[in-house]
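First up is the structure itself, then whatever we jot down about it.
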Amino acid sequence: MSHSTLHSFDDFYQLLAESLENNSLTKLLLSKYRGNDKSLQRITVRPVILQNAPVLSFVYRHQTNDITKNYSYEEGIAAIKLLLNDDFKSAYLSAESVETQLEISKKGKINITTHKVKEASGKVTETASSQLQHDREKKRFVDINRPFLRMLGVTDKQHNLIPAMSRKWKQINKFIEVFSQALSVSPQASDQPIKVVDFGSGKGYLTFAIHDYLRHSLHNNAQVIGVELRQGLADLCNETAATLDHEGLSFVCGDVKTHAPKQTDVMIALHACDIATDYAIHYGIRANAGIIMCSPCCHKQIRPQMHSPELFKPMLQYGVHMGLQAEMVTDSLRALFLEAHGYTTKVFEFISLEHTNKNKMILAVKKNQHKGKESIEILKQIADIKAFYGIKEHCLETLLNESSSN
């Protein structure tokens, strides 16, 4: 069937069946959910091998958890037919050489668009049949053939990874993986343009990566701003963005203290030293960002204030232990302040950046609902921790108090 003649549901289902038959299906994404289950956001369908038999794996993405169900191909197609149109108003089918988007308007009109997937010269396309063994291989969230990687010096002209950039390549993929998981559980509507601000964008590796991921992989009309103190780097990144025709990506000179707060869906600050992290988190909370991603370093403010109990002094006579304790207390309070303001927060190890050997990330995702009673309990916990260590001031708390009084 010619992909240019897709007009109806039957055409789309026939394409799906053909993609399964010739092992070319990569994934099917059902989105724009309009059903009764208010927690369900989207469903991702992939072909996998279970017990030596091909099945369709359905991942039902809810606000707080994922549910996986496996069906035979016949059962899976039948389930998709029931879900599409009645509950989901959008379907994105990714196959080996073609991508197809089906949209259903409010009046029930069907619009189907397709485009061929271009391959890099000399590159062998990974077939869906080989992807069925995906659990044996490391999943990459960024296509190594993307032009921005070559322009930024991560790959060469043949799209091969430059050995010296292997750590950066790993970092880019891990960053997009973390962001993708956060986006899947955030209240951010995937069919609306996502606005991102990246503070301390530097040479723009991660800024370009998140823009490319949103625009190319998710087909979202995203607007991404990189904020960088060094004018020369901001200018260089703008030139690169213009050369690559990265529409909706721009870089400005400034920092978290000077950049005027605007509507922001995703706030990123991965190089924020000491209290700059507090200013960044404060920015994200004020902007009501759905996702806040920080990698703090240089925890200077809290450490001189801390008065540890007598019992701890033999351990904390070693400077490195005192530093680790100050980091733990500082970032724990930051995470708790975020939770008090309606975020689900995680603190975990990330990949250390070239600017610092620190490898911690604070990830906060806005909740759909937040009870005032929860905030009161968390603020009590914060007060108890501060009292235990004799902490008089935490920068983030000061900023939050100032903005709430204005």
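Taking the ring centroids of Y283 and F199, they lie under the 6.0 Å cut-off. If you look at F208 and H246, their ring centroids are closer than 6.0 Å.
Residues that satisfy the ring pair (Phe, Tyr, Trp, His ring centres under 6.0 Å) test with Y318, not counting sequence neighbours, are H321. Annotation: side chain to side chain donor-acceptor pair (under 3.5 Å) contacts of E21 (sequence neighbours excluded): none. Judged as a ring pair (Phe, Tyr, Trp, His ring centres under 6.0 Å), and not counting sequence neighbours, F388 has no contacts.
We find that K386 and E397 are joined by a salt bridge, their nearest charged nitrogen and carboxylate oxygen being less than 4.0 Å apart. The pair D265-K195 does not count as a salt bridge, with every side-chain nitrogen at least 4.0 angstrom from each carboxylate oxygen.
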If you look only at distance, which donor and acceptor atoms sit under 3.5 Å apart when one is on a side chain in residues 273-280 and the other is two or more places apart or in another chain?
from	atom 1	to	atom 2	distance (Å)
D274	OD1	K300	N	2.9
D274	OD1	Q301	N	3.2
T277	OG1	A272	O	3.0
D278	OD1	R334	NE	2.8
D278	OD2	R334	NH2	3.2

For residues 335-349, which side-chain N or O atoms pair as donor and acceptor with protein atoms under 3.5 Å away, sequence neighbours left out?
from	atom 1	to	atom 2	distance (Å)
H341	ND1	F337	O	2.9
Y343	OH	A289	O	2.7

For residues 247-256, run the donor-acceptor check on the side chains, cut-off 3.5 Å, and write out each pair with its distance to 0.1 Å, sequence neighbours left out.
from	atom 1	to	atom 2	distance (Å)
D255	OD1	K257	N	3.0
D255	OD1	T258	N	3.0
D255	OD1	T258	OG1	3.1

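Residues G153 and I162 share a closest heavy-atom pair of O-CD1, 3.3 Å. Closest heavy-atom contact between Y205 and F148: O-CE1, 4.2 Å. The nearest pair of heavy atoms linking V365 to V185 is CG1-O, 4.0 Å. Between F350 and S295, the shortest heavy-atom distance links the atoms CD2-OG, 4.2 Å. Counting all heavy atoms, side chain and backbone alike, W169 lies closest to D143 at CH2-C, 4.3 Å.
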Please test K109 against I104 for side-chain contact (heavy atoms from CB on, under 4.5 Å), starting from the C-alpha separation and ending with a verdict. CA-CA 6 Å; K109 183 179 179 181; I104 306 168; over 6 Å; no

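The environment of N36 atom CG is sparse: at most 12 non-hydrogen atoms of other residues, nucleotides or ligands sit within 6.0 angstrom.
Q171 and K168 are linked by a side-chain donor-acceptor pair at a separation below 3.5 angstrom, with hydrogens and angles left out of the test. In this model, no donor atom of one side chain and acceptor atom of the other lie less than 3.5 Å apart for E99 and T114. Side-chain polar atoms of T155 and N160 form no donor-acceptor pair below 3.5 angstrom. When only modelled atom types and interatomic distance are considered, E377 and Q381 share no side-chain donor-acceptor pair under 3.5 Å. Side-chain contact annotation: N22 with S24, donor-acceptor N/O pair under 3.5 Å present. In the model, N220 has no side-chain atom that pairs as donor or acceptor with a side-chain atom of R215 under 3.5 Å. A donor-acceptor contact closer than 3.5 angstrom links the side chains of H299 and D331. Side-chain polar atoms of Q101 and E103 form a donor-acceptor pair below 3.5 angstrom.
Panel note: side chain S201, backbone G204; no donor-acceptor pair is recorded below 3.5 Å.
A cation-pi arrangement is present between K69 and Y60, with the terminal nitrogen or guanidinium carbon under 6.0 Å from the aromatic centre and inside a 45° cone about the axis.
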